[in-house]
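What follows is a short report on a single structure.
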Amino acid sequence: MNIPKAYEPHAVEKKWYQYWEENNYFYADAHSSKKPFSIVIPPPNVTGSLHMGHALNNTLQDILTRFKRMQGYNTLWLPGTDHAGIATQNVVEKQLLQEGLTRQELGREKFIQKVWEWKRQYGDLIIEQLKRLGASCDWSRTRFTMDEGLSKAVREVFVSLYEQGFIYRDYYIVNWCPRCQTALADIEVEYRTINGHLDYIKYEGVNDDQFVIVATTRPETMLGDTAVAVNPDDKRYKHLIGKEVILPILGRRLKVIGDNFVEIEFGTGAVKVTPAHDPNDFEIGKRHNLQQINILNPDATMNENAGPYQGLDRYECRKKLIEDLKTQGLLIKREDYSYAVGHCYRCDTIVEPYLSNQWFVKMKDIAKPAIEAVKAKRVEFIPESWEKTYFEWMENIKDWCISRQIWWGHQIPVWYCQKCKAPLVERQNPTKCLKCGSNELTQDQDVLDTWFSSALWPFSTLGYPDKTKDLTTFYPTSVLSTGFDIIFFWVARMIMMGLKFMEDVPFKQVYIHALIRDADGQKMSKSAGNVIDPLDVIDRYGTDALRFTLAIMAVQGRDILLSEERIEGYRHFCNKLYNAARFILMNLDDYLDAKSQIPHVRDLSLADRWILTRLNQVVEQVTNNLESFYFNESAQILYDFIWHEYCDWYLELLKPELGGKRRKVIQDLLILTFELILKLLHPFMPFITEEIWQKLPVYREVNSIMIASWPTLTPNQIDLDSIKDMELIKEVVTGIRTIRSEMRIAPKQKLKTLIIKSTPSGILKENIDYVTLLTNTNEVIFNPKATKPDTSATIIVKGIEMYLPLEGIVDLGKEEERLSKELSKVEKELTLLRLKLANEDFVTKAPDEIVTKERQKLEEIIAKHDKLIKSLKSYFH
RNA sequence: GGGCGGUUAGCUCAGCCGGUUAGAGUGCUUGCGUGACAUGCAAGAGGUCACUGGUUCGAUUCCAGUACCGCCCACCA
C-alpha cells in the first residue's frame, strides 16, 4: 500500500465534494415518507465573502444536517443569498466611481441593470466558498431574495399587510444616513461614544433680563430651533414660560415653553427645541404645535434655511457657527463631553435625525402572537437565556420603517395617480387609477428594507404564496442557527411573519451561536472590514481541521477568540486519524470478507471488550450532545477517545496479535470499530472520513459515508467491568514507565523481571502480556510472599505492590526521592481524609455512599502509606 | 440608567444542576527515528479555579457583594 505519511487535504476535498454533488446526496425529496429535518441557511449577502462567522455558523448547520441525514431523516438544508440592498448598492456605486460615474448620472434603470450584472458575476462567490467548507446544502433549491418567486412573496405580504391596515405612510423623523442618502430603521443605527463638546449658548431675551442659556452637542441644529423648553417646575425659569427669546445669528423669535421632558438637573435646565432634527424635540414639537424647520439637504449640507451657512457641510457649519457665536459673545462655555452618536451600520457615517415621508409597519399586534409562541416554547431558544433579550425587544417594539431611498431592492408596490393623487396598492401592477381612471400612474420610488424580504425567508424559499409540496413537507423548519446580533433584525421578524402568513412558527428551535471576535474583542462585521479569512485557513490547514476547531470551540453562551495555534493542533488530529487508518489498512491486505463479522464474545480479549464498551459510551454521549447542541462536548469526547484511548492504548495493545492466531478476529474488530469512529466523526470532518471510509473494506449498503447509518448502541457489547480492569492495567503500565523514565532507562533496554506481590490469578495475571508489551519487560513473577529486593524500585497500584529489580541500572537516590515525594502527597491526602471522617457532621449528614467511598479511600491510602514507609526504610539499612 | 456575560496552567480555552488526582490544545523540561503517525511516542514541571462574605457536613462549582474586562438596550439636550 502506497499512502503518504501525512494527510494532504486539498485533492481529497475536491474529489469527494464533487462526488457527493454528482450523486445528488444533498438533494431533499419533498415526497419522501421519511421524517423531515429542515434548516434554512441565514442567507449571506451577495456582496459577502466567507468570513469566520459564516464558517462557524455553516459548519454547525452542516454538522446538524449531516448528523440528521445519517440518522435517517429526510434532510433539507436550503441555501441562498440576500440581495442586501444598501450594502450591494454601495459596492456597485464604488465600482462605478472608479469608472468616473455616479448612479445618478447612470439613471435608475441602467444602474439596476449594472447591479444585476454584478450579481451574476460575483454573487455566487460565497456559494462556492460554502462548498469548500463542505456544506451539504441542496443547491438545486438555492434561492435569492430578489428571485421572481421570492419577489412574489414580498408583494403578497406587503399588499395583505396594507389591506389589513398594518402598513402606513407618514411624514416622520427617521434616522438618515447622509452618505447612503436613505432612511434607516432604528436597529440599523449603531451607537458609539465619541468625544465632543457640550456648548453653552446664550439666547438673549426680548428684554435684557430674560435671556436663557442652552446646552447642546450639535450647535448647528440651532438654525432649526423653533422654541426653547424648560421644565415647568423649574423655579429658575418658570417666569419665562410664554415669553420670547432671540435665536442668535438668524434672529428668529422663539417661544419659551414648559415641558416635563426637560430634566432640571442636566446642563442649564433649558433646552433648545429643534423639531426637525431631534426625535425628542419632534415629540415636543407635536405636543406644542411647533413649526418644523428642516435645515439639511439629504447629503447633510446646510440648506436655504441655514441662512449664511447655506451650502456648508454640517461640521464646517458647526465650526463656523461656534466661531461666530464666540465673536458675538454668545458662546458662554465649551466643555469636553463624550456622548453616544448613531452611526450607519452599513457605511459607519454619523446619521442625522431627519424629517421625511416613509413607510412603516405597525408592529404591536403582529408581535403579540410571536411573544406567545416563544413563551409557549413553540419556538425554543438555545441557550435559553436569549429568550430574555427577545422578550425585552418584542415587548417594547416600535413601528418598523421599511422604506429605503435606494434603488436596489424590491420597489414598493404602491402607485400614485398623477391626476387625483390616490395611492394604488395591488397584487398585479395597475394600469389605471381605480378612482379617476387615469392611466398616468407613477410607482413609489422607494424600495423595501432588505430585512423585509429576509423576514419571509423560511416560507418564501419553499414556494409561498403558492401551496407547494415543499411547504407542507418542510415548514415549519426544524432548526435555525444564527448569531445573536441578528435576533432583532431577523429572528424576531421571521417568527412574526411566519405566524402571520403561515399560521405557524418558522422553526422549532433557534440555536444562537457564539460570536467570533477579532483580537480586540470587536465583532467581525461585513462593513467594518476586520474579517479574518477562513479560506486562507482552509488553504493552510484543510477544511476538516477548521471545522473541527470551530465545533470544539462552539461553547454555548461564550464568544470565540480564534487562535491559529488551535487550528494547527486539530490539523494534527486529522493527521493522527489518517495515520491510524494507514496502520489499519496496511494490516488488511489479506482481508477478504465482504462483510466483517462481529466476533463471538468468547473470542474477545479484555482490550476488545474494553474498546467496544467505551465505543458504546462514546456513541451515546456524542449523539446526546449533538441533539442538545453541545457541539464542543461531542467534538471533545471524540478527540479524547480516538487519540488517547483508541490509538494510544487499543491499537498498541493489539499490534502483537496481528501476527498471531487472532489475526482475523482483530481485523474484524478493527474494521468494525474504526468504521464506527469514522461515522461519528463524519459530521465534523466530512472529507477525511469519506476518504478513509472509501478505502476501508467495510460492507457497503450505500456508496458514501455521508448517507450511511448513524451508529446506535449495541447493549450486548457493553461490559462495564472491562473498563475497571483496563484501568488497572493502564495504571500498572504507567507506573513502570514512570520509573523507567525517571531512572533514565533507555526504551530499548529490556527489563529483566517484574515481581508482583499478589496471587497469581485475576485480571493482572490473565492480561500480564499487556504489561510486558508496553513496558518492555521480559518476565513477571507473581509471589504473594515476595520481599523487596535491595536494589529495586517499588510501585503501588490499587493496593498491589510491585518491585522492579534494577541491579546495575538503578539510581537509589532518585528512587528514594521519588518515593518521598509520593509519600508526602499521600500523607497530605491522609490527613485531610482523616479529618473529614472524624467530622461527626460529615458522617451523619453526607449521603451513605459518599461516606462509604471516603472510608474505602482511607483504607487504600493507609495501606499505600504503610507500604511506602516500608519501602523507604529499605534504603536506610 | 437598565440588562447580560466573563475572570480556571505562561498563552488560547473546556469543565463544575456540590464530594474528581481540576482538564485540553499550545508552549516549557527530559528521553526516544520505536514497522501507523516526529503533524509522533513516553515521562514530567506548571493552577490558593479574580477577591470578600453567605448557604452547606463539604464550594472552583450554588447565592450575594466587590474589583476589573466585554457586550446589548435606553430620548438625557
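Residue numbers begin at 1 in each chain, while the letters A, B, ... track the order of the sequences.
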Can you name the side chain to side chain contact (heavy atoms under 4.5 Å, CB included) partners of A/E335, sequence neighbours left out?
A/L198, A/Y200, A/K333

Can you check the A/E840 CD to B/G58 C1' distance for me, whole Å?
15 Å

Among the nucleotides B/A24, B/G19, B/G40, which one has an atom lying closest to any side-chain atom of A/H572?
B/G40

With a 4.0 Å cutoff (strictly under), does any side-chain N or O of A/Y578 reach OP1 or OP2 of B/U39?
no

With RNA chain B as reference, determine whether A/V843 or A/Y191 sits nearer its 5' end, using the nearest nucleotide of each.
A/V843

Rounded to whole Å, the OH-C1' distance (A/Y639 to B/A14) equals 13 Å

Decide if atom CG of A/D590 counts as having more than 12 heavy atoms of other residues, nucleotides or ligands within a radius under 6.0 Å.
yes

Looking only at heavy atoms, which two atoms of A/A492 and A/W393 are closest? And how far apart?
CB-CZ3, 3.8 Å

Taking the basic N atoms (NZ, or NE/NH1/NH2) and the acidic carboxylate oxygens, is any pair closer than 4.0 Å for A/K857 and A/E860?
no

What one should report as the nearest heavy-atom pair of A/R318 and A/P219 is CG-CG, 3.5 Å

In whole Å, measure the gap between the P atoms of B/A59 and B/U66 for me.
23 Å

B/A77 versus B/G15 - spacing of their C1' atoms, nearest Å
49 Å

Measure from the side chain of A/R737, starting at C-beta and using heavy atoms only, and say which of B/A43, B/A77, B/U21 lies closest.
B/A43

Round to a whole Å and report the spacing from CD of A/E849 to P of B/G18.
13 Å

For nucleotides 27-38 of chain B, just jot down a letter per nucleotide in 5' to 3' order: B, S or -, based on protein non-hydrogen atoms under 4.0 Å.
---S--S--BB-

Any donor-acceptor N or O pair under 3.5 Å, side chains A/R566, A/Y570:
yes

For a quick test of reading the model: is some side-chain N or O of A/T389 closer than 4.0 Å to OP1 or OP2 of B/G3?
no

Rounded P spacing from B/G6 to B/A64 in Å:
13 Å

Assign each of A/K853 and A/Y570 the nucleotide of RNA chain B bearing its closest heavy atom; nearer the 5' end lies the nucleotide of A/K853

How close or far is atom C1' of B/C75 from atom CG of A/N396, stated in whole angstroms?
14 Å

What does the 5'-to-3' dot-bracket notation of RNA chain B look like when only Watson-Crick and G-U wobble pairs under 3.5 Å count, and pairs to other strands show as |?
(((((((..((((.....[...)))).(((((.......))))).....(((((..]....))))))))))))....

For A/N624 and A/E633, test the side chains for any donor-to-acceptor distance below 3.5 angstrom and give the result as yes or no.
no

What integer number of Å spans the C1' atoms of B/A42 and B/C4?
46 Å

Would you say the side-chain atoms of A/Y345 and A/E188 include a donor-acceptor pair closer than 3.5 Å?
yes

I'd like to check the side-chain hydrogen bond (donor to acceptor under 3.5 Å, both in side chains) partners of A/D225; sequence neighbours left out, ordered by chain and number.
A/Y203, A/K272, A/T274

B/U21 and B/G47, which share atom name C1', separated by this distance in whole Å:
14 Å

Using a 4.0 Å heavy-atom cut-off across all strands, classify A/Y390 as base, sugar-phosphate, or nothing.
nothing

The salt bridge (Lys or Arg N to Asp or Glu O under 4.0 Å) partners of A/K825 (sequence neighbours excluded) come to none

Between A/R218 and A/E352, is there a salt bridge with N-O shorter than 4.0 Å?
yes

Quick one: do the A/Y337 and A/T217 side chains pair a donor with an acceptor below 3.5 Å?
no

How many Å lie between OH on A/Y541 and P on B/U26, as a whole number?
12 Å

Choose from B/A43, B/A14, B/A77 the nucleotide whose nearest atom is closest to any side-chain atom of A/T734.
B/A43

When you check the glycosidic angle of B/G35, does it come out syn, meaning within 90° of 0, or anti?
anti

Given B/U12, B/A77, B/A43, which nucleotide is nearest the side-chain atoms of A/R566?
B/U12

Using the C1' atom as the point on both nucleotides, what is the distance between B/C17 and B/U56, in whole Å?
16 Å

Using a 6.0 Å distance limit plus a 45 degree cone around the ring axis, check whether A/K655 lies over the aromatic ring of A/F583.
yes

If I take atom CD in residue A/E731 and atom C1' in nucleotide B/U21, what distance separates them, rounded to the nearest angstrom?
10 Å

Check the distance between B/C72's P and A/D186's CG and give it to me in whole angstrom.
16 Å

Answer yes or no: is there an ion pair linking A/E849 with A/K853, defined by an N-O contact shorter than 4.0 Å?
no

Between B/A43 and B/C72, how many Å separate the two P atoms, rounded to a whole number?
47 Å

Of all the nucleotides listed (B/C57, B/C73, B/G25), which has the minimum atom distance to the side chain of A/P847?
B/C57

Strictly below 4.0 Å, heavy-atom distances to any atom of RNA chain B: list the hits from residues 271-288 of chain A, or just say none.
A/V271, A/N280

Rounded off to whole Å, could you give me the CD1-to-C1' distance for the A/I850 and B/U20 pair?
11 Å

Applying a 4.0 Å non-hydrogen cut-off, can you work out what A/K857 is touching in the nucleic acid: base, sugar-phosphate, or nothing?
sugar-phosphate

Taking the minimum atom-to-atom distance to the side chain of A/Q636, which one of B/A77, B/G44, B/A24 wins?
B/A24

With rounding to the closest Å, how many angstrom separate the P atoms on B/G70 and B/U8?
15 Å

